[in-house]
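Worksheet: the structure to be examined is printed underneath.
The figures that follow rest on heavy atoms only: side chains count, while hydrogens, waters and symmetry mates do not. A, B, ... follow the sequence lines: proteins, then strands. Residue 1 opens every chain.
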Amino acid sequence: MGRIVGLTGDEATAEAMRQINPDVVAAYPITPQTETVQRFSEFVAEGIVATEMVRVESEHSAMSACVGAAAAGARAMTATSANGLALMWEICYIAASYRLPVIMAVVNRALSGPINIHCDHSDSMGTRDAGWIQIYSENCQEAYDNLIQAVRIAEEEKVRLPVMVTFDGFIISHAMERVEILEDDEVSQFIGKYKNAYSLLDVDSPVTYGPLDLYDYYFEHKRQQIEAIEISPEVIQKIGREFKDLSGRYYDLMGSCHLEGAELVIVAAGSTAGTVESVVDELREKGEKVGLLKIRIFRPFPAKQIAEALRGVRAVAVLDRSVSFGAQGGPIFLEIRSALFDEIKPPAVVNYIYGLGGRDIGVDEIERVYKNLERIAHTKKVDELVGYLGLRE
Amino acid sequence: MPSLKVLSRKKELLTGGHRLCAGCGASIIVRQVLMAAEDPVVMSSATGCLEVATTIYPFTAWRIPWIHCAFENSASTLSGVEAAYRSLKRQGKIDRTIKFIAFGGDGGTYDIGLQALSGVLERGHNLLYICYDNQAYMNCLSTSSLIMTEDGVKRITEVKEGDEVYAFDQRTYQLVLKKCSGVFDNGIKDVYELTTLHHSIKATANHPFLVLKRNGRGKKNNFVWQTISEMKTGDEIVVLKNLDEGESFKFDFNKVKKGDYKVNRSKNFLIDNKYFEIEKVRDIKLVGPEPTLDLRVEGEHNFIADGIVVHNTGIQRSSATPEGAATTTSPVGKAIPEGKQRPRKDLTRIAAAHDSPYVAQANPAYYNDLIKKVRKALSTEGPTFINILSPCPRGWRHDPSLSIQIAKLAVSTGVWPLYEVEKGQYRVTYRPKKRHPLREWLESQGRFRHLLRPENKGIMERLEKQVEEKEKSLLALAGEETSA
């Protein structure tokens, strides 16, 4: 069994990275990810990790170096936020299409402009089509646990895809929480050794990475990539079970939910799920049939499991901490609504955009959402498909 | 150092069969560089001609581990590979000695990749960055012309000698199968673009098209072969219908008989023909000199190309383009008679300003000098940089057979001095006895032709002066006399 310590999200991430002990870390500082990189740099300076740390001149080069390192058979990691992730965008797609198991912690922060350093999910949601597996974490413990599992998921032979583990900027990254840390050797045993069968450093059997791939093959290669991410849920579940055996903490495709007998359900990702959970506990004590569905794996989206989990629910409110401008709602809403389309008796679904640029969301607002859901369930009428929480209008 | 004769016995690590143009400097440079390397090499390439032409999936011309990631990050991608090497070596997981070489063109190095290069030089990775500088954003020969063959539609580059290709029998207007007796590089020719409603084809002035000749009321119309130079807008030509790429298109030539060309008076000529229709020529325009491929076909000297030539437009100015050069984005016009108006960036000195232990400028025409520099760089601890001039027949507009001669001119006229900077110390590695007039360099290439006009005399003098001053400043850095 491990130790119980007080760590911020950034520190918990750095701690997980120390235990993973990657061969290469290439990173560039950006708020609110900075603490992770700073702390990890100390581990490098003290010589307690074997990592070659590449202090790059930009996030673009950070991801490029991770691509090079992973192709050379190294376990490669990085961490970033917001504009840093945006600068990596081009190379994120390349990492996924080369099937390189790069691991990245994304400390969610609003994208510019205007510039803002606080939390929303616009950065990671923007990369949702880049071909990465995306895991959202509610708190410091989940950030730590998810990062360790991510290594296994990414490196699984039939998956071989990069994985992004996200947690909320400042709210989690800078808040100290109780975190259970595994023993170092438990982690190293759990993740095992990384073996790239097509390493650039294997000079006796040279490989070519990144050839020009035109209309005669590109499509087939994209199909294979689709296949890889579609296979990943069973791998994620398998590794989740193994992680439970190790830590006692169980992770599935969806985060922990409160859906027993629930009629009115809120879907949320990140730290807000924790706030919702406390409201659910409170309202359930009063006998209200409310529930929570927490998003954990967003890519690939576990549509089938979510549709099943919401069967029998009367009304659903999806909370989105990002905007897809001009779309019919936030990214999570679009997925949920689409997942429910084939249901014989789908619940009414509404969307709330909240918390952009770090705008706080409180218990009151969540209670109001449940009230609205109750009205919708009762009247069977949706007045406003997409609404906003905590916005002055 | 062993002689070139000895070195050339080394196994080629960039195999033949890649698709770089004849006379392209990039492959010559790569071969010299790989000849120079004594240890196993892992290479990265930026997006560009070298990457595109050597690795069209499922083929690769590389016998060494090779990675291409994107346009601007050849340096940072390889820095990750090198970091992995260092890490794994330190952990005892690898014991080989491996060298690392990043390649980038001038666009991927001077412009979009400058930041990544600078980062790598500052961080002190143990790698050599080579810029093959062809002085603009160039593009490779189109390899996508589709040819009608017995086995369906093939790319022109896939047609081999001995393949059966469809041809028109010019006496009977019947389709006939003929043996291809060779694929030829026709070199740089003036190319015209002919556009119809659905098609567009690039071809040389002497390329024949099947043109409908309407002989007037009551008379039988017929087809004649006419070359582009004999054609005009409004002419009606025979084009292929429904050419779907990727779908095997089996040609049943027995069904296409002379009768299919029967002319009626309505507009829809060849109305029931499964394969052909008539379209009016909308536009014929001169595109300019471009390299061309041609097939030679037994008996009939024609073959059927689909006419959907997918060309990159290329030859845009970069910050490596010399002042006075005409490119597609710095064209010569009435208001701007000189082409590119700004001098080129001196990247070699920018690299040297990073205090890298070894920086050099080289040229494939001086292979001994080049190989020596590569060996020096690879045996130096830390980040090294070599800038190598790379002739581009397409972009510079010269005959492909003259590439090395023109590369030599760059040195003899002082345009591309050969020097190295070792631990901050500049040294000229080759100095021509007497500097030749700049005119010789400018005359050798189409991109400078406009500068030879009498009204541009002033520009030419200005450029000559620049070369002189640049030479002076280099010699001063190297502590040499400027007398020559």
Query raised in the report: Taking B/Ala75, B/Ser44, B/Pro40, B/Ala83 one by one, which has the highest count of heavy-atom pairs under 4.5 Å against chain A?
Result: B/Ala83
Requested in this report: Search all heavy atoms of A/Asp202 against all heavy atoms of B/Pro65 and return the closest pair with its distance.
Outcome: O-CG, 4.2 Å
Report task. Identify which of B/Glu82, B/His68, B/Arg86, B/His125 forms the greatest number of heavy-atom pairs closer than 4.5 Å to chain A. Result -> B/His68
Query raised in the report: Given that the side chain runs from C-beta out, which part of A/Thr51 has a heavy atom under 4.5 Å from chain B: side chain, backbone, both or neither?
Result: backbone
Query raised in the report: Measuring from B/Ile56:CD1 to A/Asp213:CG, what's the distance to the nearest 0.5 Å?
Result: 10.5 Å
Requested in this report: Answer with side chain, backbone, both or neither: which region of A/Ala50 has an atom nearer than 4.5 Å to a non-hydrogen atom of chain B?
Outcome: both
Report task. Output the distance between atom OG (A/Ser199) and atom CG (B/Leu88), rounded to the nearest 0.5 Å. Result -> 7.5 Å
Query raised in the report: Can you say whether B/Ile64 sits under 4.5 Å from chain A via the side chain, the backbone, both, or neither, judging by heavy atoms?
Result: backbone
Report task. Specify the closest pair of heavy atoms between B/Thr55 and A/Pro211, including all atoms of both residues, with the distance to one decimal. Result -> O-CB, 3.0 Å
Report task. Measure B/Arg63 against the heavy atoms of chain A and call it side chain, backbone, both or neither at under 4.5 Å. Result -> backbone
**Report entry** B/Ser87 side chain to A/Asp23 backbone, donor-acceptor under 3.5 Å
**Finding:** yes
**Report entry** Side chain / backbone / both / neither for A/Tyr198 at chain B, heavy atoms under 4.5 Å
**Finding:** neither
Requested in this report: For each of B/Met43, B/Gln91, B/Lys93, tally heavy-atom pairs with chain A at distances under 4.5 Å, and name the one with the top tally.
Outcome: B/Gln91
Query raised in the report: Hey, what do you get for CG (A/Leu212) to OG1 (B/Thr60), rounding to the nearest 0.5 Å?
Result: 11.5 Å
Query raised in the report: When you check the side-chain N and O atoms of B/Gln115 and A/Ser58, is any donor under 3.5 Å from an acceptor?
Result: yes
Requested in this report: Please determine which of B/Ile94, B/Ile98, B/Thr97, B/Val41 meets the side-chain contact (heavy atoms from CB on, under 4.5 Å) test together with A/Val203.
Outcome: B/Ile98
Report task. State, yes or no, whether a side-chain contact exists between B/Ser76 and A/Val56 at a heavy-atom distance under 4.5 Å. Result -> no
Query - Most chain A-contacting option - heavy-atom pairs closer than 4.5 Å, from B/Ser45, B/Pro58, B/Ser79 - result: B/Pro58
Query - Spacing of A/Glu57 atom CD and B/Glu122 atom CD [to the nearest 0.5 Å] - result: 9.0 Å
Query raised in the report: Counting only heavy atoms not in A/Glu220, do more than 12 fall under 6.0 Å of its CD?
Result: yes
Report summary line: Cut-off 4.5 Å, heavy atoms of chain B, and the answer for A/Leu201 is both
Query raised in the report: B/Cys69 and A/Val67: which non-hydrogen atoms are nearest, and at how many Å?
Result: SG-CG1, 4.0 Å
